[in-house]
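Keep in mind that the numbers below use all heavy atoms, side chains included, and drop hydrogens, waters and symmetry copies.
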Amino acid sequence: MAKWGQGDPRWIVEEREDGTNVNNWHWTERDATVWSKGKLRELLVGIAMENETGRCEISELKQVEGEASCSSRKGKLIFFYEWNIKLAWKGTIKESGAKHKGLIEIPSLSEENEVDDTEVNVSKKKGDGDILKDLMKTTGTAKVREALGEYLKALKTEFTTGMILPTKAIATQELTVERKVTGNPLQVQASPVALGVRIPTVALHLTELFDTTVEQLYSIFTVKDLVQKFSKSPAVLEAEKGGKFQMFDGNITGEYVELLTNRKIIMKWRCRNWPEEHYATVALNFVPAPGQTELQLDCKGVPVCKEENTKFCWQKQHFEEIKGLLQLTTQNA
């Protein structure tokens, strides 16, 4: 057995705000499918090309099937993506003003092939207009591949923000010593060092309808017995301003910031596996509807790499379980 302080440094959790994944050693994975579909639509729809004979434009993303994900292990990012994409295009012949339509099919965009080698098939509906098809097969294909390259660049930069956190060694490098230009040439001054790690975050907005009254739904979030019933675990609850709460065996903790009875709850909220001392701000608005109550959730400050887990926590572990409790209460009434 290793002596205290002499263990493998990859597993030592100390002096790190993100101590849950020290030096990015553990395997983490993030689903990029939903983000990718939006990004592909943004980059592909609206692409236009023109020459002396006509003008064409990609008008619609008709189909995008597949998936994408990004994994982190030992400080390295591993990407997986596989897409089957179908686009609609339309064009106009300048001399006659005739309009034509067609399709662009990308049967396999994946990490197995370079973007420049990706198959792009252009077709046109029956009739004249081959000059437009030729424009799409040449200039159009080049622009489509360029857009696919932009998607992959964004996947590897924009989407992965926050997945690789600064290691202790990198953070130490930020503490530099610089000599003063004036005054005593031997005098040194340490440059300011920011404490902690800046965590990229996102905001979530979710709405859900419940077949119950505002009063009953509000009580499910503020009465200890009801919280324990829907969470199926012990809870600690002080439903007052500044009061603490702990749910799901301590996996969810926080503090009540504001409570407006049967109207609104604002709280500091975090998951156990988030960076230490990092909290999101959660606002729950209870909106009455005929025979129902609409719950509007706004959650700001969620770590980017925990976005999907946080959605799952609210939608599956909160909303679905609360609906199950309400259904059971109705049956037993």
Would Gln296 and Asp298 count as a side-chain hydrogen bond (donor to acceptor under 3.5 Å, both in side chains) here? Give the steps. CA-CA 7 Å; Gln296 300 174 350; Asp298 288 290; over 6 Å; no
Kindly indicate, with the supporting measurements, whether the criterion side-chain hydrogen bond (donor to acceptor under 3.5 Å, both in side chains) is fulfilled by Tyr151 and Ser36. CA-CA 8 Å; Tyr151 156 68; Ser36 293; 2.9 Å; yes
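The cluster map of Ile, Leu, Val, Met, Phe, Trp and Tyr, joined by side-chain heavy atoms under 4.5 Å apart, puts Leu103 and Leu61 in different clusters. By the criterion of side-chain heavy atoms lying less than 4.5 angstrom apart, applied directly or through intervening Ile, Leu, Val, Met, Phe, Trp or Tyr residues, Phe245 is not grouped with Val257; the two fall into different hydrophobic clusters. Residue Ile252 is not grouped with residue Tyr279 when hydrophobic side chains (ILVMFWY) are merged at heavy-atom distances under 4.5 angstrom, including chains of intermediate members.
Formation of a donor-acceptor pair under 3.5 Å by the Trp89 side chain with backbone atoms of Ser123 is found in this model. Judged purely by atom type and a 3.5 angstrom limit, Ser59 uses its side chain to pair as donor or acceptor with the backbone of Ala88. Without hydrogens or angle criteria, Arg55 side chain to Ile93 main chain gives no donor-acceptor distance under 3.5 Å. Put simply, the side chain of Asn113 never gets that close to the backbone of Ser110: no donor and acceptor are under 3.5 Å apart. Side-chain atoms of Ser219 come within 3.5 Å of backbone atoms of Gln216 as a donor-acceptor pair (strictly under, hydrogens ignored). With hydrogens and angles disregarded, no donor-acceptor distance shorter than 3.5 Å links the side chain of Arg145 to the backbone of Gly140. At distances below 3.5 Å, not a single donor-acceptor pair connects side-chain atoms of Glu255 with backbone N or O atoms of Lys268. At distances below 3.5 Å, not a single donor-acceptor pair connects side-chain atoms of Thr293 with backbone N or O atoms of Ala289. Glu57 places no side-chain N or O within 3.5 Å of a backbone atom of Ile47 that could act as its donor or acceptor partner. For the pair Arg30 (side chain) and Phe159 (backbone), a donor-acceptor distance under 3.5 Å is present.
Cation-pi geometry between Arg263 and Phe286 is not met: the NZ or CZ atom fails to fall both under 6.0 Å from the ring centre and inside 45° of the normal. Lys244 forms no cation-pi arrangement with Tyr256, by the criterion of a distance under 6.0 Å to the ring centre and an angle within 45° of the ring axis.
Counting all heavy atoms, side chain and backbone alike, Pro234 lies closest to Asp249 at CD-OD1, 3.4 Å. When all heavy atoms of Ala68 and Asp31 are compared, the closest pair comes out as O-OD1, 3.1 Å. The two atoms that bring Met136 and Cys56 nearest to each other are SD-CB, 3.4 Å, heavy atoms only. Lys311 approaches Leu204 most closely through the heavy-atom pair CE-CD2, 3.7 Å.
Side chain to side chain, Asp211 and Gln292 meet the donor-acceptor criterion of an N or O pair below 3.5 Å.
Below 30°, between 30° and 60°, or above 60°: for Phe221 and Phe230 the angle between ring planes is between 30° and 60°, a tilted geometry.
For the pair Leu87 and Lys62, the minimum side-chain heavy-atom distance is 4.5 Å or more. When side chains are defined from C-beta on, Ser231 does not count as touching Gln317, because their heavy atoms never get closer than 4.5 Å. Using a 4.5 Å heavy-atom cutoff, the side chains of Lys300 and Val282 are not in contact. Contact of the Val302 side chain with the Thr201 side chain is not registered, since no non-hydrogen atoms from C-beta on lie closer than 4.5 Å. Residues Ile104 and Val144 have side chains in contact (heavy-atom distance under 4.5 Å, counting atoms from C-beta outward).
The residues Glu158 and Lys39 are annotated as salt-bridged, a charged nitrogen and a carboxylate oxygen being separated by less than 4.0 angstrom. Taking the charged nitrogens against the carboxylate oxygens, Glu50 and Lys94 do have a contact shorter than 4.0 Å, which makes a salt bridge. Ionic pairing of Lys323 and Glu208 is present here: one or more N-O contacts between side-chain nitrogen and carboxylate oxygen are shorter than 4.0 angstrom.
Aromatic ring centres of Phe312 and His318: separated by at least 6.0 Å.
For Lys90, the NZ atom counts as loosely surrounded, since its 6.0 Å shell holds 12 or fewer non-hydrogen atoms of other residues, nucleotides or ligands. Within a 6.0 Å sphere centred on CD of Gln327, heavy atoms belonging to other residues, nucleotides or ligands number 12 at most. Around CD of Glu240, the count of heavy atoms belonging to other residues, nucleotides or ligands within 6.0 Å exceeds 12.
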